[in-house]
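For reference, the structure discussed in these notes is given below.
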Amino acid sequence: MAPTQGPRAPLEFGGPLGAAALLLLLPATMFHLLLAARSGPARLLGPPASLPGLEVLWSPRALLLWLAWLGLQAALYLLPARKVAEGQELKDKSRLRYPINAGLPLGALPEMLLPLAFVATLTAFIFSLFLYMKAQVAPVSALAPGGNSGNPIYDFFLGRELNPRICFFDFKYFCELRPGLIGWVLINLALLMKEAELRGSPSLAMWLVNGFQLLYVGDALWHEEAVLTTMDITHDGFGFMLAFGDMAWVPFTYSLQAQFLLHHPQPLGLPMASVICLINATGYYIFRGANSQKNTFRKNPSDPRVAGLETISTATGRKLLVSGWWGMVRHPNYLGDLIMALAWSLPCGVSHLLPYFYLLYFTALLVHREARDERQCLQKYGLAWQEYCRRVPYRIMPYIY
Ligand SMILES: NC(=O)C1=CN([C@@H]2O[C@H](COP(=O)(O)OP(=O)(O)OC[C@H]3O[C@@H](n4cnc5c(N)ncnc54)[C@H](OP(=O)(O)O)[C@@H]3O)[C@@H](O)[C@H]2O)C=CC1
Ligand SMILES: CC(C)CCC[C@@H](C)[C@H]1CC=C2C3=C(CC[C@@]21C)[C@@]1(C)CC[C@H](O)C[C@@H]1CC3
């Protein structure tokens, strides 16, 4: 039996049963979406028109392309870093060092999405098994608070080791931003190019979806260092949930609107396109403003851009912003992100529910994530967090939630 680490964290995601269900449901959902997007009816809630055989899913070419992609990203990751940043302080007061250094064949990509998703899922399972075995020999101090229930399925899903590395190569940090997010916008671009090949030029809706999501990924890579303070890096173990999430779920489900538009072209006039651009700009303004304000404050509370904001002192010595974006609601960055998610779906029209899957999933993900973060912050800050909740009563949406 592997050593478990001290007092056990509360079970999440429905415990072992929930983890087992998600291990099957998540890949099944991703394949359903891929099949629905390319089907005529494009039904989100109906069964797929037909189930693909192994001859459709398995492609040695796709495996080679996927491994080459991962290899390329890993090689870029290992290039001499422009800068090295330190992560958050660990339990033993040490800090890990991370390279800050985020920088392709597209034409065949749209026909290969299914076999690529298949090998990405296979890779995620095999990689998660490696991570689980690696955690068996990791010291107790290297284990995450969550993924050490002692139940193999739950721990495999949630991940046991907090910062699994080989030498300087940090697997979780590498997967969080590179193969998935960059793969996502490459798939979008391949779909835009395919539409140009089929219809003479990309539609305005395809341009908008590509542009909005390229902005989002470019922003994430530009602010790469901010990922070091997210709960995925600082709190969650690296297991199947994040391995599959980063390497398969992000590139193949986040590109759903572009996939839908290739098979179901949508008319979009300039007036409506302008309104959608305004919605995305508003979402991005809130998203970036709130994230930058908090990250600046965390880095240097005396920075002139945040020094004038009202704060609440806590017993840990860290302060909580209670004015500015973080005085509006407790997660203003999530609000901005959800407004952008709406803007990504609107160019696909309202004839199908399928393009709104991301908005529905993402709302559920952020509501769940917000609840997890609340529990962690209440544990960290106690009475100060209760005071914050009293003064800022709404979680994500002002006067609604
Ligand atoms: N597209 C996608 O699939 C996803 C996108 N995201 C986006 O990633 C971004 C990061 O989100 P996430 O990783 O959840 O974490 P957040 O950036 O929301 O950070 C939460 C942490 O911020 C600190 N904090 C909270 N309130 C305050 C306050 N009032 N003053 C100062 N510090 C505060 C706390 O940490 P501490 O006090 O310890 O510093 C808390 O744990 C968000 O914009 C989110 O929308 C997230 C998940 C998925
Ligand atoms: C049900 C899913 C399989 C669960 C996996 C969720 C993951 C896809 C997300 C968990 C947190 C993420 C973050 C981002 C991408 C998605 C995942 C990995 C960002 C990198 C997106 C860009 C933002 O600027 C920062 C985000 C940090 C968290």
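Start at 1 and go down the list; that is how both ligands and their atoms are numbered. Computed from a predicted structure; not experimentally measured. FYI, side chains are in, hydrogens and waters are out, and symmetry mates aren't considered; it's all heavy atoms of this structure. Throughout, numbering of the chain's residues begins at 1 and tracks the sequence.
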Could you find the nearest protein heavy atom to [atom] and give me its residue, atom name and distance?
| atom | value |
| --- | --- |
| atom 18 (O) of ligand 1 | Asn333 ND2, 2.9 Å |
| atom 13 (C) of ligand 2 | Glu176 OE2, 3.6 Å |
| atom 23 (C) of ligand 2 | Tyr216 OH, 3.9 Å |
| atom 15 (C) of ligand 2 | Leu181 CD1, 4.2 Å |
| atom 4 (C) of ligand 2 | Met241 CG, 4.0 Å |
| atom 15 (O) of ligand 1 | Tyr334 OH, 4.1 Å |
| atom 31 (C) of ligand 1 | Arg298 NH2, 3.4 Å |
| atom 41 (O) of ligand 1 | Asp373 OD1, 2.6 Å |
| atom 1 (N) of ligand 1 | Tyr216 OH, 2.8 Å |
| atom 45 (O) of ligand 1 | Asp337 OD2, 2.6 Å |
| atom 38 (O) of ligand 1 | Lys380 NZ, 2.7 Å |
| atom 13 (O) of ligand 1 | Arg369 NH2, 2.9 Å |

Salt bridge between Asp236 and Arg372, side-chain N to carboxylate O under 4.0 Å? yes
Is [atom] close to the protein, meaning a heavy atom under 4.0 Å from it?
| atom | answer |
| --- | --- |
| atom 19 (C) of ligand 2 | no |
| atom 10 (C) of ligand 2 | yes |
| atom 28 (C) of ligand 2 | yes |
| atom 8 (O) of ligand 1 | no |
| atom 25 (C) of ligand 2 | no |

Looking at non-hydrogen atoms alone, which of [options] comes nearest to [atom]?
| atom | options | result |
| --- | --- | --- |
| atom 16 (C) of ligand 2 | Trp222, Trp249, Phe244, Tyr254 | Tyr254 |
| atom 5 (C) of ligand 2 | Ala364, Pro27, Gly245 | Gly245 |
| atom 17 (C) of ligand 2 | Asp246, Asp337, Leu26, Thr230 | Asp246 |
| atom 19 (O) of ligand 1 | Lys294, His235, Gln88 | Lys294 |

N/O to N/O below 3.5 Å, does that happen between [X] and ligand 1?
| X | answer |
| --- | --- |
| Arg318 | yes |
| Tyr388 | yes |
| Asp232 | no |

Counting only heavy atoms, which portion of [X] has something under 4.0 Å from ligand 2: side chain, backbone, both, or neither?
| X | answer |
| --- | --- |
| Asn291 | neither |
| Phe287 | side chain |
| Leu22 | neither |
| Arg369 | side chain |

Where the side chain of [X] meets the backbone of [Y], is there a donor-acceptor pair that is under 3.5 Å apart?
| X | Y | result |
| --- | --- | --- |
| His368 | Ala364 | no |
| Asp219 | Leu215 | no |
| Ser255 | Ala258 | no |
| Lys172 | Pro164 | no |
| Arg160 | Leu143 | no |
| Arg391 | Val322 | no |
| Gln259 | Phe252 | yes |
| Glu89 | Ser94 | no |

Could you check, using the six-membered ring where one of them is a Trp, whether [X] and [Y] have ring centers closer than 6.0 angstrom?
| X | Y | value |
| --- | --- | --- |
| Tyr285 | Trp325 | yes |
| Tyr216 | Tyr284 | no |
| Tyr394 | Tyr401 | no |

Walk me through it: do Glu224 and Arg178 pass the test salt bridge (charged side-chain N to carboxylate O under 4.0 Å, His left out)? CA-CA 10 Å; Glu224 183 182 28; Arg178 294 157 192 254; 2.9 Å; yes
In terms of ring plane angle, is the pair Phe171 and Phe127 parallel, tilted or perpendicular, where the classes change at 30° and 60°? perpendicular
Look at the rings of Phe244 and Phe240 and say which category their plane angle falls in: under 30° parallel, 30 to 60° tilted, over 60° perpendicular. parallel
Heavy atoms only, cut-off 4.0 Å: how does [X] contact ligand 1, side chain, backbone, both, or neither?
| X | value |
| --- | --- |
| Tyr358 | side chain |
| Asn291 | side chain |
| Cys377 | side chain |
| Leu365 | side chain |

Counting from 1 in the order shown, the ligand 1 atoms closer than 4.0 Å to a non-hydrogen atom of His331 are 18 (O)
Checking Tyr358, Trp344, Tyr361 against Tyr254 for side chain to side chain donor-acceptor pair (under 3.5 Å), the one that qualifies is Tyr361
When Tyr173, Phe168, Phe174 are each screened for ring-ring contact (aromatic ring centres under 6.0 Å, His included) with Tyr98, the one that passes is Tyr173
